[in-house]
Amino acid sequence: KKGEKMNQSTTFILDPEKTYNELEKASKEKAEKIYKARLSEKKEKPLLAMLKAKVRLNREKISNLDCLDEAYKSEEYTKWIQEDAEAVKEKSLAVDRYNNLNSFKDMRITEESSARYLINKKM
């Protein structure tokens, strides 16, 4: 009886529409996270320019390098770094989720094909 269970092959019901919808949703989430990460990345230069301008307002003579150093030390820049890192993390997770769903779909198809092959071979 123990051997009987091992000889039983299981097939799965593949639902292409559900799979497509899941991948489509993951694709949209991925695109949104990539968009947000890109916007965050592009925000750095204008932010630094604004912060350097603020530093220059309070200093009569300051070198560009010292001005940049002051801008890097600001709370606003630190906040941007945290927001940018979070956006990059979310982008990475969304891309990985999409890729994992795609891989899972391929594994299910292979699993189903193998199960059907074994069932047909026994007949």
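The chain is numbered in sequence order, starting from 1.
Counting only heavy atoms from C-beta outward, the side chains of D84 and K36 never approach each other to under 4.5 Å.
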List the steps, then state whether salt bridge (Lys or Arg N to Asp or Glu O under 4.0 Å) holds for E70 with K73. CA-CA 5 Å; E70 289 296 317; K73 293 181 213 172; 3.5 Å; yes

Test log, rule side chain to side chain contact (heavy atoms under 4.5 Å, CB included), inputs T78 and Y72: CA-CA 7 Å; T78 300; Y72 283 144; over 6 Å; no

Pair up each side-chain donor or acceptor in residues 94-103 with any protein partner under 3.5 Å, not counting sequence neighbours, and list the distances.
unit_1: R97; atom_1: NH1; unit_2: E29; atom_2: OE1; d: 3.3
unit_1: N99; atom_1: ND2; unit_2: V95; atom_2: O; d: 3.3
unit_1: N100; atom_1: ND2; unit_2: D96; atom_2: O; d: 3.2
unit_1: S103; atom_1: OG; unit_2: N99; atom_2: O; d: 3.1

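Atom CD of E24 has more than 12 heavy atoms from other residues, nucleotides or ligands within 6.0 Å. Summarising the local packing, NZ of K30 is surrounded by more than 12 heavy atoms from other residues, nucleotides or ligands at distances under 6.0 Å.
In this structure, the separation between CG on D66 and CZ on R59 is 7.5 Å, given to the nearest 0.5 Å. Note: L47 CG to Y77 OH = 7.5 Å, rounded to the nearest 0.5 Å. The structure places OG of S92 at 10.0 Å from NZ of K89, a figure rounded to the nearest 0.5 Å. Atom CG in N21 sits 12.0 Å away from atom OG in S27 (nearest 0.5 Å). The distance from the CD1 atom of I62 to the CG atom of D69 is 8.5 Å, given to the nearest 0.5 Å. Separating the OG1 atom in T19 from the NZ atom in K105 is a distance of 8.0 Å, to the nearest 0.5 Å.
E76 has a carboxylate O that lies under 4.0 Å from a charged side-chain N of K54, or vice versa, which qualifies the two as a salt bridge. Ion pair E75/K79 not flagged as a salt bridge, since none of the NZ, NE, NH1 or NH2 atoms sits closer than 4.0 Å to an Asp/Glu carboxylate oxygen. Taking 4.0 Å as the cut-off between side-chain N and carboxylate O, K25 and E22 do not count as a salt-bridged pair.
Summarising the geometry of A87 relative to S40, their closest heavy-atom pair is CB-CB, 4.3 Å, with the distance given to 0.1 Å. Nearest heavy-atom pair, V55 versus A71, reported as atom, atom and distance to 0.1 Å: CG2-N, 4.3 Å. C67 and K52 get closest at one heavy-atom pair: SG-O, 3.2 Å. When all heavy atoms are compared, the tightest approach of K91 to K33 is CA-CB, 3.6 Å.
Hydrophobic clustering of Ile, Leu, Val, Met, Phe, Trp and Tyr side chains at less than 4.5 Å, counting indirect connections, unites M50 with I81. When hydrophobic clusters are built by joining Ile, Leu, Val, Met, Phe, Trp and Tyr residues whose side-chain heavy atoms come closer than 4.5 Å, directly or via intermediates, W80 is grouped together with L68.
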